[in-house]
Amino acid sequence: MEERYDPISIEARWQAFWEDKGVFRVNEDISKEKYYLLEMFPYPSGKIHMGHVRNYTIGDVIARYKMMRGFNVLHPMGWDAFGMPAENAAIANNTHPAGWTYDNIDTMRIQLKQIGFSYDWDRELATCHPEYYRWEQWLFIKMFEKKMVYRKEAYVNWCGTCQTVLANEQVEAGLCWRCGKEVVQKKLWQWFFKITDYADDLLDYCDQLPGWPEKVTTMQKNWIGKSFGAEIRFPIENSDEVITVFTTRQDTVFGATFMCLAPEHPLVPELSKGGEHEKEVLGFIDKMSKQDRSAKGVESYEKEGVFTGAFCINPMTGNRIPVYTANFALMEYGTGAVMCVPAHDQRDFEFAKKYGLDIVVVIQPKGKTLDSSVMTEAYIEDGVQVNSGEFDGLLNRKAMDKIADYLEAHDLGRKTVNFRLRDWGISRQRYWGAPIPMIHCEKCGVVPVPEDQLPVVLPEDADLLEGGGSPLSSLDYFKKTACPACGNTDAERDTDTMDTFVESSWYFLRYCSPKYDKGMFDREAVKYWMSVDQYIGGVEHAILHLLYSRYFTRVLKDLGFVDFKEPFTRLLTQGMVCKETVSCPEHGFLFPEETVYKETDPQCTKCGKPADFGRVEKMSKSKKNVIDPNILLKKYGADTTRLFCLFAAPPEKDLEWSEQGVEGGARFLNRVWRLAVDWIPVIKEVDGFNGKPSELSGKLLELYQKVHQTTKKVTNDIDERFHFNTAISAVMELVNVMYALFPENSGKDKSNSLKDLKPEETGVMKSALETVILLLSPVVPHFSEELWQALGGTPSILSVSWPKYNEDALVSDEMLIVIQVNGKLRGKFTISADADDDALKEAALSHDQAKKFIDGKEIRKVIVVKKKLVNIVV
RNA sequence: GCGAGAGUGGCGGAACUGGUAGACGCACUGGACUUAGGAUCCAGCUCUGGUGACAGAGUGGGAGUUCGAGUCUCCCCUCUCGCACCA
């Protein structure tokens with residue numbers, strides 16, 4: 001073993017060793033308990049960033065720990081390889097998305113291997129492989145057959161210049177992010193998954209996921225957004241049509257004095273047709289269709305609307321009320337129609353004030369009387385019904401039920417629930433995705449591609465369009481096909497691709513049998529490995545990805561392919577990796593390599609001017625506050641990088657980058673290394689201490705106890721709490737005790753210091769050093785393998801079982817007792833561990849330090865806490 | 001606005017079921033070893049007063065429960081995150 005710790009050579013050697021021996025390769029083995037550990041797979045964006053390093057390091061520690069605990073650990077890795085960045089990069093560089101993606105995968109795979117992660121690379125998958133998306137297409141068809149997927153016309157953000165659909169995030173202030181031209185709402189035929197059929201089940205099970213952070217389950221609950229209420233039908237005057245509204249406040253129906261429809265509501269043009277308001281209404285619809293969706297979502301957005309010219313009848317009062325179309329009515333929520341009760345809804349109130357509409361109070365607060373003519377805001381609290389016919393005098397909460405019953409009994413409406421969750425639109429007018437396996441035939445309609453013709457392979461020789469639209473619709477050899485049902489040769493393939501969230505909704509199942517070619521997965525393998533015991537990833541996926549995965553698992557269960565509903569038993573959402581930004585007055589944000597430091601003040605290397613520290617923010621290219629993991633690997637090695645990521649913060653919290661922190665980690669590893677270098681020659685050939693603690697005394701006994709305490713703490717911290725930071729600090733403490741035990745071994749000259757040691761001294765030291773190495777091994781695996789071997793162990797250290805602690809070693813024959821007087825710390829003493837409460841009391845009362853505070857005062861009470869403290873109340 | 005979480009030294013962060021607040025690390029200070037050290041080892045390091053032993057204050061602010069509160073309860077302030085014209 002080298003005198004000096006040289007991570008670079010060690011790490012490459014052990015990585016090669018693990019790979020040669022296939023240490024991380026696993027198979028289903030019913031004789032062992034399985035553990036499926038999964039980290040969210042990366043998008044192959046180019047190279048690994050610190051967020052990946054942190055995420056995968058956390059996972060790796062758990063995986064390696066579980067391996068040492070004897071579990072059969074499935075720990076796979078793959079690539080979420082479809083998506084827009086590949087297309088954009090391909091357009092920018094005039095290359096192909098596939099080439100770009102595969103190059104990135106190659107680069108990133110090498111990086112992951114350099115960090116020493118324990119993946120079973122034989123199970124690697126990439127979602128852009130036809131052998132992967134083949135089964136996704138197959139499932140799509142199965143879902144189509146069971147009517148779990150359907151097609152409808154829906155609005156999308158459309159950029160006419162780029163000829164493409166934009167995601168909401170790509171619309172900036174109503175303009176296209178790429179070309180800066182106006183974005184419109186366009187109706188397109190699109191495929192939808194009926195996730196709303198599962199809304200209730202997905203919601204109910206949120207409370208049955210004890211291993212998930214509550215934050216995530218509440219976010220999902222809010223996203224699903226179940227609200228109880230009623231549907232009420234308002235007949236339109238002089239028409240057979242009826243407007244159905246959804247409300248959660250049917251108790252206020254007597255106060256509904258007007259109606260608002262969403263601009264997209266199909267009745268709006270119809271109601272205004274031919275009337276004097278038609279022109280104005282159509283103008284309003286047009287204006288709204290051009291408006292950016294995100295701007296609509298701002299609360300301060302001015303409420304506006306226009307009268308359609310039509311009236312409908314409030315079914316409870318019989319009054320005719322005007323029908324408006326208004327910008328605050330959302331087509332996506334409820335029925336797209338709102339019964340407006342200005343007295344009891346703030347939004348309706350503002351609208352009524354603006355357009356001079358009636359305000360009728362139907363709920364009175366207790367002990368007060370509201371007067372609609374002087375109200376300045378809506379009264380939204382509970383109260384007593386008034387102006388509500390036979391329901392007057394009831395508490396409004398009671399009236400809710402009664403009115404709902406009345407509506408049902410008189411066929412005017414019904415009790416219902418409404419969800420915020422909408423069906424999942426998966427059609428993308430994009431190239432780099434999995435083709436939707438459907439064929440459109442003039443005669444037969446929409447026909448699925450026959451199973452034996454799957455996969456529908458995405459043509460890889462397509463030229464991308466300059467504007468970014470999909471080239472598939474102009475690729476005749478792809479598009480033109482024969483109808484599988486009638487043979488009509490003029491049929492056309494669907495040229496849309498699937499949302500990339502579809503691929504990531506089932507990849508965890510594919511890992512169980514990634515090469516299986518008779519189905520999505522081998523059911524036996526899935527039975528063995530699933531569910532995922534621990535899933536780890538960023539909180540940014542708390543809603544969509546996790547909800548979609550839960551949905552897919554339910555679909556597969558209902559189709560009979562799996563026998564469970566929930567894919568992920570435990571979930572850990574790790575925090576972000578952050579760093580302060582640095583900006584130059586002239587050049588804006590600066591990359592770390594564009595900054596030099598004079599003392600501690602940053603300076604711009606381009607102009608030499610002083611720069612400023614900005615806020616601590618998530619590492620991002622746009623803020624330029626990024627640290628390239630490659631640089632860390634070269635400078636410090638993988639183990640130090642891993643150690644820092646774990647030590648600087650608990651996993652669920654944000655981690656602030658600190659160069660000094662990394663150096664602290666390196667220093668610690670060097671410290672352990674030197675300890676090993678000094679001691680291995682004297683302890684390599686001896687056995688670890690196997691005797692009883694009673695054979696030891698003094699400092700040596702303390703070290704022995706510390707070894708076992710540390711083992712217990714580290715085991716708990718990793719296994720139950722994932723608090724790697726405190727686990728590491730516990731090992732640091734142990735190392736400090738080892739250094740302190742033989743102080744003559746400190747400093748430079750230690751030539752003679754380790755001779756003439758007693759057998760129990762070398763034995764305890766050997767056990768202690770072994771323990772340090774084993775406890776650290778999940779965190780710094782290369783380092784630990786190296787030292788383990790140097791200590792005479794056989795690699796890999798992963799096949800060594802996790803150290804056990806001896807409960808007997810944890811109990812000392814003395815205990816430290818704290819004395820409090822009136823709750824304040826006044827002294828401490830040690831006493832034999834078998835002393836009883838009375839002995840403690842006596843010892844405390846006669847303690848010199850305590851006496852000062854007791855003397856001359858009356859003792860009212862003495863509280864003794866077993867083995868801990870004595871509190872004297874005077 | 002609604003929902004969730006968090007406020008502890010100069011900094012990152014410890015403190016499991018209420019029981020020694022500040023573990024561990026960083027930074028800083030002093031010492032040792034040194035030709036030298038940004039290497040290493042040892043020591044100090046919440047604030048205030050005192051040379052000192054020691055005393056007092058102290059976990060965002062205010063009340064409360066308790067022998068005892070960072071931890072439990074109530075009110076308030078600040079920050080972060082998520083959802084947001086959801087009828």
Side-chain angles (χ1 to χ4, degrees), chain A residues 213-223 225 227 229 245-249 252 256 260 296-303 326-330 332-341 345-348 350-351 380 418-420 539-540 542-543 575-576 600 644 647-650 652-665 667-668 670-671 674 713 716-717 720-721 723 725-733 735-736 739-740 743 745-750 816-828 849 852 860-865 868-874:
Chain A
E214 203 185 293
K215 176 187 170 142
V216 174
T217 46
T218 40
M219 274 164 77
Q220 294 217 345
K221 283 187 215 167
N222 292 341
W223 187 262
S227 34
V245 302
F246 170 75
T247 181
T248 54
R249 291 294 304 271
T252 65
C260 282
K296 275 190 193 173
V298 177
E299 200 172 346
S300 57
Y301 202 69
E302 177 85 21
K303 284 152 194 61
N327 61 348
F328 68 81
L330 306 174
E332 309 89 71
Y333 186 77
T335 61
V338 188
M339 71 167 206
C340 294
V341 186
D345 181 288
Q346 185 57 24
R347 202 185 35 190
D348 300 348
E350 286 168 29
F351 194 85
I380 56 173
N418 191 56
F419 293 95
R420 213 191 73 101
V539 74
E540 65 272 19
I543 298 178
M576 300 180 296
T600 52
F644 169 73
F647 182 60
E652 67 280 0
K653 276 202 174 185
D654 286 351
L655 168 77
E656 192 185 332
W657 165 260
S658 144
E659 180 87 24
Q660 282 114 348
V662 185
E663 266 162 14
R667 202 174 301 162
F668 169 66
N670 274 299
R671 196 168 146 83
R674 280 192 305 274
K713 171 141 181 69
N716 266 324
D717 281 352
E720 281 159 33
R721 312 197 304 159
H723 279 199
N725 55 335
T726 52
I728 293 165
S729 53
V731 180
M732 286 173 168
E733 283 185 56
V735 170
N736 289 345
Y739 264 88
N745 188 34
S746 305
K748 208 171 179 185
D749 181 28
K750 50 202 168 195
L816 179 69
I817 301 298
V818 170
I819 307 173
Q820 292 181 338
V821 178
N822 288 345
K824 281 198 171 145
L825 174 69
R826 293 304 181 189
K828 309 167 196 184
Q849 202 66 26
K852 287 201 300 191
R860 302 220 328 247
K861 207 172 180 185
V862 177
I863 288 145
V864 180
V865 179
K868 265 208 179 121
L869 66 80
V870 180
N871 189 12
I872 302 159
V873 186
V874 296

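Source: prediction; values computed, not measured. In what follows, every chain begins at residue 1, and chains take the letters A, B, ... in the order their sequences are listed.
The side chain of A:Lys215 approaches B:rA4 more closely than any other nucleotide in the set B:rA87, B:rG13, B:rA4. Listed nucleotides: B:rC24, B:rG13, B:rC86. Nearest to the side chain of A:Ser729: B:rC24. Of the candidate nucleotides B:rU40, B:rA15, B:rU20, B:rU40 has the atom nearest to the side chain of A:Arg674. The side chain of A:Asn871 has B:rG68 as its nearest neighbour among B:rU20, B:rG68, B:rG12. Listed nucleotides: B:rA87, B:rG13, B:rC26. Nearest to the side chain of A:Pro650: B:rG13. For A:Ile543, whose side chain is taken as the heavy atoms from C-beta onward, the closest listed nucleotide among B:rG82, B:rA87, B:rA15 is B:rG82. The side chain of A:Arg826 lies closest to B:rA55, out of B:rC16, B:rA55, B:rC81. Considering only side-chain atoms of A:Arg420, the nucleotide from B:rA84, B:rG56, B:rC85 that sits closest is B:rA84. If you check B:rU20, B:rA87, B:rG25 against the side chain of A:Phe647, the one that comes closest is B:rG25. The side chain of A:Lys861 approaches B:rC67 more closely than any other nucleotide in the set B:rC67, B:rC83, B:rG19.
Comparing B:rA15 with B:rG22, their C1' atoms are spaced 9 Å from each other, to the whole Å. Between B:rG19 and B:rU66, the distance separating the two C1' atoms is 12 Å to the nearest Å. Nucleotides B:rA14 and B:rA21 have their C1' atoms positioned 10 Å apart, rounded to a whole Å. Rounded to a whole angstrom, the distance from the C1' atom of B:rG18 to that of B:rG82 is 32 Å. Spacing of C1' atoms, B:rC28 relative to B:rG12, comes out at 15 Å, to the nearest Å. With C1' as the reference atom, B:rG13 and B:rC24 are 9 Å apart, rounded to whole Å. Taking atom C1' on both B:rU40 and B:rU34, the two are 11 Å apart, rounded to the nearest angstrom. With C1' as the reference atom, B:rG7 and B:rG61 are 12 Å apart, rounded to whole Å.
Across the protein-nucleic acid pair, A:Glu733 atom CD and B:rA15 atom P stand 12 Å apart, rounded to whole Å. Rounded to a whole Å, the CG atom of A:Asn736 is 11 Å from the C1' atom of B:rA23. B:rC83 atom C1' lies 6 Å from atom CG of A:Asn222, rounded to whole Å. The nearest whole Å value for the distance from the CG atom in A:Asp654 to the P atom in B:rG5 is 17 Å. Straight-line distance from the OH atom of A:Tyr333 to the P atom of B:rA84: 12 Å, rounded to whole Å. Regarding A:Met219, its CE atom lies at a distance of 8 Å from the C1' atom of B:rC81, rounded to whole Å. Taking atom CG on A:Asp345 and atom C1' on B:rG1, their separation rounds to 13 Å, with Å as the unit. Atom-to-atom, CD of A:Gln660 to C1' of B:rG10 comes out at 13 Å; the value is rounded to the nearest Å.
A 4.5 Å side-chain heavy-atom check between A:Phe647 and A:Met732 finds at least one atom pair inside the cut-off. Counting only heavy atoms from C-beta outward, the side chains of A:Lys215 and A:Gln220 never approach each other to under 4.5 Å. Residues A:Ser227 and A:Phe419 fail the side-chain proximity criterion, which asks for heavy atoms closer than 4.5 Å. Residues A:Ile872 and A:Arg860 form no side-chain contact, since every pair of their non-hydrogen atoms from C-beta on lies 4.5 Å or further apart. In this structure, the side chains of A:Val862 and A:Val870 come closer than 4.5 Å at one or more pairs of heavy atoms. Between A:Val338 and A:Phe246, the closest side-chain pair of non-hydrogen atoms is not below 4.5 Å.
The residue among A:Arg671 and A:Leu655 whose nearest nucleotide of RNA chain B lies closer to the 5′ end is A:Leu655. With RNA chain B read from its 5' end, the first of the two nearest nucleotides for A:Gly665 and A:Asn822 is the one closest to A:Gly665.
The side-chain tip of A:Arg420 does not point at the ring of A:Tyr333 from less than 6.0 angstrom away and within 45° of straight on.
The residue A:Thr247 sits close only to the backbone: its heavy atoms come under 4.0 Å of sugar-phosphate atoms, none of a base. A:Lys828 comes within 4.0 angstrom of a nucleotide base, judged by non-hydrogen atoms across all strands. At the heavy-atom level, A:Lys824 lies under 4.0 Å from the strands shown only through sugar-phosphate atoms.
Both distances falling under 3.5 Å, in either a Watson-Crick or a G-U wobble arrangement, place B:rA55 opposite B:rU48. Partner assigned to B:rA14 is none, using Watson-Crick or G-U wobble distances below 3.5 angstrom.
Annotated as syn: B:rG9, whose O4'-C1'-N torsion sits within 90° of 0.
Residue A:Ile380 places its CD1 atom among 12 or fewer non-hydrogen atoms of other residues, nucleotides or ligands, all under 6.0 Å distant.
A donor N or O paired with an acceptor N or O is not found under 3.5 Å between the base of B:rG5 and the side-chain atoms of A:Glu214.
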